[in-house]
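A short worksheet on the structure shown next.
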There are 2 protein chains.
Amino acid sequence: MSAWKEGSDARLPLYQRLREEIMDRIASGEWPPGETIPTEAELTRRYNIAVGTVRRAIDTLVNEGLLERSQGRGTFVRRPDFDASFFRFFRQVNAAGQSRVPTSRILSASLQTPPPAAAKALELTEHESCICLERLRAMEDGSLLAEKIWLPASRFSGLLEIPLEQFDNLLYPFYEARFGQSIGSARETLTIDSADAATADMLGIAPRDPVVVIERTALGYDRTPLEYRCSMGAAATFRYQIEIS
Amino acid sequence: MSAWKEGSDARLPLYQRLREEIMDRIASGEWPPGETIPTEAELTRRYNIAVGTVRRAIDTLVNEGLLERSQGRGTFVRRPDFDASFFRFFRQVNAAGQSRVPTSRILSASLQTPPPAAAKALELTEHESCICLERLRAMEDGSLLAEKIWLPASRFSGLLEIPLEQFDNLLYPFYEARFGQSIGSARETLTIDSADAATADMLGIAPRDPVVVIERTALGYDRTPLEYRCSMGAAATFRYQIEIS
DNA sequence: GGTCAAAATTCATATAGATGAATAGATAAC
DNA sequence: GTTATCTATTCATCTATATGAATTTTGACC
């Protein structure tokens, strides 16, 4: 009566196998974000392993930020907070030390043939169309962020019928609520460029002024690319701090 | 017969107290980088706690990158690899995927009154002088990095007598070997600026071109600031990648 | 001296169980 | 109904122990 899935490699340590089992359950949506996973005692019974081993598997996932423990309540599937990590790049911490979500406004939404970068990131062929959103975000300090966002049209059908004012400030919960598409992880690349005329105008800076370009590919829990976005902000407001040890 | 230090807070869990004990021993130089710490069995005896608790304390420190385990050999105090983390910012990965240490040349070394930023970072008063090094580093792809490095003169006496050619390519092992000053951690801040004429000339770019400025304060294991450095590179060669999950 | 094999050391994995602390839900008292 | 208390659940900490795997040390042997 083994509860292990087929893919599980018996040569691996038990705690690693359990870790992958849990990740699979999260990826498949069986244990959705925000909900609890089974209790330690339950997992102990289900897989017939010791509590210590279960705790170790959960420990690693908590460490990786996939799970969150709460004494007395249970262990929850964590909803990753992308915006905190993203806006850390810019000077977006107020006096209290906490970052506020900037206000944002969708400028346009349209159906397009994906440009090469977007097609590559979203793994689309030339024949598959995508939705392109243009968005302007205003930071607390008054600086601006110009964004272009590409989504695979097949997974977001009906989005173009939604009036632009009805888009939420945060897009990922919006994707989840309206289209059932949950973002589980993302890859970002940060480069520096010079502003072209159109971008400079949007950001309120001079042409040729340096801009920070952040390209992000956001993936679902099953690692399917769900969104490609390119954000540009004036480099003068950029600041990134890191501790090394 | 308690082996605990005085500062240890008895209200804290044992594994956290042991974690701090180990950190203190590393900070004080009692357990120097590159060497092993006592074995799990030894710590078990010394503090009269269970192996599981010792392992948990070590686990967290391994996770934080301070220690490194090696089955059958022991647990070692890790020597942090700053350059890997630093050059990750730039396109410094060759075909094999591994980054090579760039060649560097010291242009000058002199005794100075610290400029405000350096004085603040090194916690020096106006009356304490510091050593200033100017260095140029050539990356594999041909791009350059111009650096100014400030050191508290009191801790690096005799440095100015060393011929510039005898400086090692990597400064931190050099500090450790020649002056007994080990770097344990660092704080970096990354911003974007426009190149002034002198910097542009050094880097071989046009004036006003965007440059990446990395300010680093390097601390000893006891968290005394030992070095302040300011590195500038052409923003065009800059690239930073991050995974969020 | 050099080589190979056995032994000792040290971390890695796993089990079992005890006590404590935070939370949530049910029950009793008012 | 509201409040206070008790109880069950669930994770947190800690102990104790056993077996396995990687590495180093030791010692016999040639």
Side-chain angles (χ1 to χ4, degrees), chain A residues 1-4 8-23 25-26 31-78, chain B residues 1-4 8-23 25-26 31-78:
Chain A
M1 190 219 60
S2 168
W4 297 103
S8 181
D9 187 343
R11 291 168 307 181
L12 257 48
L14 284 175
Y15 76 94
Q16 282 197 28
R17 292 171 64 191
L18 179 56
R19 171 180 167 275
E20 288 182 15
E21 288 267 335
I22 296 174
M23 283 176 68
R25 293 287 201 303
I26 295 173
W31 298 342
E35 303 278 297
T36 61
I37 66 171
T39 68
E40 294 174 355
E42 170 62 23
L43 289 172
T44 296
R45 272 193 300 277
R46 204 180 287 188
Y47 292 97
N48 198 32
I49 54 182
V51 212
T53 308
V54 172
R55 280 188 70 79
R56 182 149 183 205
I58 295 177
D59 274 344
T60 61
L61 288 169
V62 167
N63 237 303
E64 293 167 25
L66 258 96
L67 296 179
E68 211 165 7
R69 287 203 227 250
S70 180
Q71 188 178 144
R73 295 205 300 150
T75 303
F76 296 79
V77 178
R78 194 160 160 266
Chain B
M1 189 219 60
S2 168
W4 298 103
S8 180
D9 187 343
R11 291 168 306 179
L12 257 46
L14 284 176
Y15 76 95
Q16 282 198 27
R17 291 171 65 190
L18 179 55
R19 172 179 166 275
E20 288 182 15
E21 288 267 334
I22 296 174
M23 284 177 66
R25 292 290 202 300
I26 295 173
W31 299 342
E35 304 278 297
T36 62
I37 66 171
T39 67
E40 294 174 355
E42 171 62 23
L43 289 172
T44 296
R45 273 193 300 278
R46 204 180 288 185
Y47 292 97
N48 198 32
I49 54 182
V51 211
T53 308
V54 171
R55 281 189 68 79
R56 182 149 184 204
I58 295 178
D59 274 343
T60 61
L61 288 169
V62 167
N63 237 303
E64 291 167 27
L66 259 97
L67 296 179
E68 213 164 6
R69 302 176 121 122
S70 180
Q71 188 178 139
R73 296 204 301 149
T75 303
F76 296 78
V77 178
R78 193 160 161 266

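Just so you know, these numbers come straight off a predicted model, no measurement behind them. Order of the sequence lines fixes the chain letters, A, B, ..., with proteins taken first and strands second; residue numbering starts at 1 for each chain.
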| request: Determine to 10° how strongly the helix from C/dG1-D/dC30 to C/dC30-D/dG1 is bent, judged from the axes of its five-pair ends. | output: 10°
| task | Enumerate the residue pairs fulfilling ring-ring contact (aromatic ring centres under 6.0 Å, His included) with a member in residues 52-71 of chain B, sequence neighbours excluded, ordered by first and then second residue. | result | none
| query | Which residues satisfy the side-chain contact (heavy atoms from CB on, under 4.5 Å) test with B/Gln16, sequence neighbours excluded? | reply | B/Leu12, B/Pro13
| field | side-chain contact (heavy atoms from CB on, under 4.5 Å) involving A/Ser70 - partner list, sequence neighbours excluded | value | A/Arg73, A/Phe76
| said: My understanding is that only residues two or more places apart in sequence, or in another chain, count here; which of them pass salt bridge (Lys or Arg N to Asp or Glu O under 4.0 Å) with A/Arg69? | reply: A/Glu40, A/Asp59
| field | side-chain hydrogen bond (donor to acceptor under 3.5 Å, both in side chains) against B/Glu42, all qualifying residues, sequence neighbours excluded | value | B/Arg45, B/Arg46
| Side-chain ion pair, B/Arg17 and B/Glu21, N-O less than 4.0 Å | no
| task | Under 4.0 Å from any heavy atom of chain A: name the first and the last nucleotide of DNA chain D that qualifies, 5' to 3'. | result | D/dT9 to D/dT13
| said: Can you list everything that forms a ring-ring contact (aromatic ring centres under 6.0 Å, His included) with A/Tyr15? Sequence neighbours excluded, please. | reply: none
| query | Hey, does the side chain of B/Arg78 reach the backbone of B/Gly65 with a donor-acceptor pair shorter than 3.5 angstrom? | reply | yes
Could you write out each protein N or O paired with an N or O of nucleotides 11-16 of chain C at a distance under 3.5 Å?
| from | atom 1 | to | atom 2 | distance (Å) |
| --- | --- | --- | --- | --- |
| C/dC11 | OP1 | B/Thr75 | N | 3.4 |
| C/dC11 | OP1 | B/Thr75 | OG1 | 3.4 |
| C/dC11 | OP2 | B/Glu40 | N | 3.0 |
| C/dA12 | OP2 | B/Arg55 | NH1 | 3.2 |
| C/dA12 | OP2 | B/Arg55 | NH2 | 2.9 |
| C/dA12 | OP2 | B/Arg69 | NE | 2.7 |
| C/dA12 | O4' | B/Gln71 | NE2 | 3.4 |
| C/dT13 | OP1 | A/Tyr15 | OH | 3.3 |
| C/dT13 | OP2 | A/Tyr15 | OH | 3.4 |
| C/dT13 | OP2 | A/Arg56 | NH1 | 3.4 |
| C/dT13 | OP2 | A/Arg56 | NH2 | 2.8 |
| C/dA14 | OP1 | A/Leu14 | N | 2.5 |
| C/dA14 | OP2 | A/Leu14 | N | 3.1 |
| C/dA14 | OP2 | A/Tyr15 | N | 3.3 |
| C/dT15 | OP2 | A/Ala50 | N | 3.0 |
| C/dT15 | OP2 | A/Thr53 | OG1 | 2.6 |

| task | Taking salt bridge (Lys or Arg N to Asp or Glu O under 4.0 Å) as the test, write out the residues that go with B/Glu68, two or more places apart. | result | none
| query | With B/Ala50, which residues qualify under side-chain contact (heavy atoms from CB on, under 4.5 Å), at least two apart? | reply | B/Thr53
